S.K.: 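What follows is a single structure, and I will ask about it in a moment.
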Amino acid sequence: MALSLRDQLLKAGLVNEKQAKQVGKQQQKQKRLEHKGQVEKDESQKLAALQAMAEKAARDQELNRQQQEKAEQKARAAQVKQLIEHSRLPKLTSEDYYNFVDDKKVKRLAVNNLMRDKLSRGSLAIVRHAGGYEVIPREAALKIQERDPRRIVLLNTPTEAAEADDPYAAYQIPDDLMW
């Protein structure tokens with residue numbers, strides 16, 4: 001059987017019997033006073049441990065929140081990518097271009113007359129995708145705008161109501177007129 005610390009100190013000669021008894025009596029006296037409620041217990045270690053546990057729980061909670069936020073951002077980015085790839089219109093190779101502003105720079109995109117008209121009326125939109133630009137329908141652009149508004153480059157407001165009040169609607173536009 002292993003010797004107690006008191007017995008080990010006595011055997012090593014670091015303390016004598018009188019000192020060991022005196023320390024034992026002091027410990028008994030302290031316990032008796034704590035039991036009677038005359039002296040407060042030293043709970044600083046318990047408080048420090050509880051505080052450390054609370055701090056660790058707060059750190060863990062913050063890390064979990066950050067990880068969850070990153071996962072949500074990845075999911076939104078994947079949804080946006082999927083929306084663009086499934087709803088984009090095919091790229092055209094034409095001499096007719098639609099000019100638009102992106103980041104204070106004028107960019108251009110090859111379009112035909114129908115696409116130009118729909119872009120200006122707001123039924124089509126231009127979005128950033130994979131280092132370039134894609135043309136997508138308005139409904140998909142609105143869904144993308146909910147998830148990541150920075151991806152939308154051009155989304156005009158629909159102008160169907162303005163056409164009903166247009167006093168020049170009866171006049172025909174010349175075929176050779178280019179804007």
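Everything quoted here is computed from the prediction, not taken from an experiment.
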S.K.: For the residue pair Ser94 and Asn112, establish whether any side-chain heavy-atom pair is separated by less than 4.5 Å.
M.R.: no
S.K.: Start with the C-alpha distance between Asp96 and Arg116, add both sets of side-chain angles, then the distance that settles side chain to side chain contact (heavy atoms under 4.5 Å, CB included), and finish with yes or no.
M.R.: CA-CA 9 Å; Asp96 195 13; Arg116 175 189 304 281; 2.4 Å; yes
S.K.: How many angstroms lie between atom CG of Leu9 and atom CG of Asn16, to the nearest 0.5 angstrom?
M.R.: 11.5 Å
S.K.: Test the Arg108-Tyr97 pair against the cation-pi criterion, namely NZ or CZ under 6.0 angstrom from the six-membered ring centroid and within 45° of the ring axis.
M.R.: yes
S.K.: For a 4.5 angstrom cut-off between non-hydrogen side-chain atoms, does Lys70 reach Arg65?
M.R.: no
S.K.: Does Val153 belong to the same Ile/Leu/Val/Met/Phe/Trp/Tyr cluster as Leu124, with side-chain heavy atoms less than 4.5 Å apart forming each link?
M.R.: yes
S.K.: Please round to the nearest 0.5 Å and tell me the distance separating atom CD of Gln68 and atom CG of Leu63.
M.R.: 13.0 Å
S.K.: For Leu119 and Ala125, which heavy atoms make the closest approach, and how far apart are they?
M.R.: CD2-N, 4.0 Å
S.K.: Between Arg147 and Lys143, is there a side-chain heavy-atom distance shorter than 4.5 Å?
M.R.: yes
S.K.: Between the side chains of Arg128 and Glu134, is the shortest nitrogen-to-carboxylate-oxygen separation below 4.0 Å, so that they form an ion pair?
M.R.: no
S.K.: Does Lys56 pair with Asp60 as a salt bridge, N-O distance under 4.0 Å?
M.R.: yes
S.K.: For Arg59 and Glu62: C-alpha separation, side-chain torsions, deciding distance, then whether salt bridge (Lys or Arg N to Asp or Glu O under 4.0 Å) applies.
M.R.: CA-CA 5 Å; Arg59 268 194 322 270; Glu62 179 65 22; over 6 Å; no
S.K.: Quick one: pull up CG in Asp102 and CD1 in Ile126 and give me the separation to the nearest 0.5 Å.
M.R.: 9.5 Å
S.K.: Which heavy atom of Arg138 sits nearest to which heavy atom of Asn156, and what is that distance?
M.R.: NH1-O, 2.9 Å
S.K.: Are there over 12 heavy-atom neighbours, none belonging to Arg150, within less than 6.0 Å of that residue's CZ?
M.R.: no
S.K.: Are Tyr98 and Leu155 co-members of a hydrophobic cluster defined by side-chain heavy atoms under 4.5 Å apart?
M.R.: no
S.K.: Count the heavy atoms belonging to other residues, nucleotides or ligands that lie under 6.0 Å from CD of Gln66, then report whether that count exceeds 12.
M.R.: yes
S.K.: Between Glu69 and Lys74, does any NZ, NE, NH1 or NH2 come within less than 4.0 Å of an OD or OE carboxylate oxygen?
M.R.: no
S.K.: Spell out, yes or no, whether Leu3 and Leu10 are grouped together once hydrophobic residues are joined by side-chain heavy atoms under 4.5 Å, including indirect joins.
M.R.: no
S.K.: Is there a side-chain contact between Lys29 and Arg32 (heavy atoms, below 4.5 Å)?
M.R.: yes
S.K.: Rounded to the nearest 0.5 Å, what separates atom CD in Gln82 from atom OG in Ser87?
M.R.: 10.0 Å
S.K.: Out of curiosity, Lys81 NZ to His86 NE2, how far, rounded to the nearest 0.5 Å?
M.R.: 10.5 Å
S.K.: Decide whether Leu92 and Phe100 are clustered together by the hydrophobic rule: side chain heavy atoms of Ile, Leu, Val, Met, Phe, Trp, Tyr closer than 4.5 Å, transitively.
M.R.: yes
S.K.: Would you say Leu83 and Ile136 are hydrophobically clustered, going by side-chain heavy atoms of ILVMFWY under 4.5 Å?
M.R.: yes
S.K.: Can you confirm whether Gln145 sits close enough to Arg151 that some side-chain heavy atom of one is under 4.5 Å from a side-chain heavy atom of the other?
M.R.: no
S.K.: Can you establish whether the number of heavy atoms outside Arg76 located under 6.0 Å from its atom CZ is more than 12?
M.R.: yes
S.K.: Using 0.5 Å steps for rounding, measure from the CD atom of Gln79 to the CD1 atom of Ile84.
M.R.: 12.0 Å
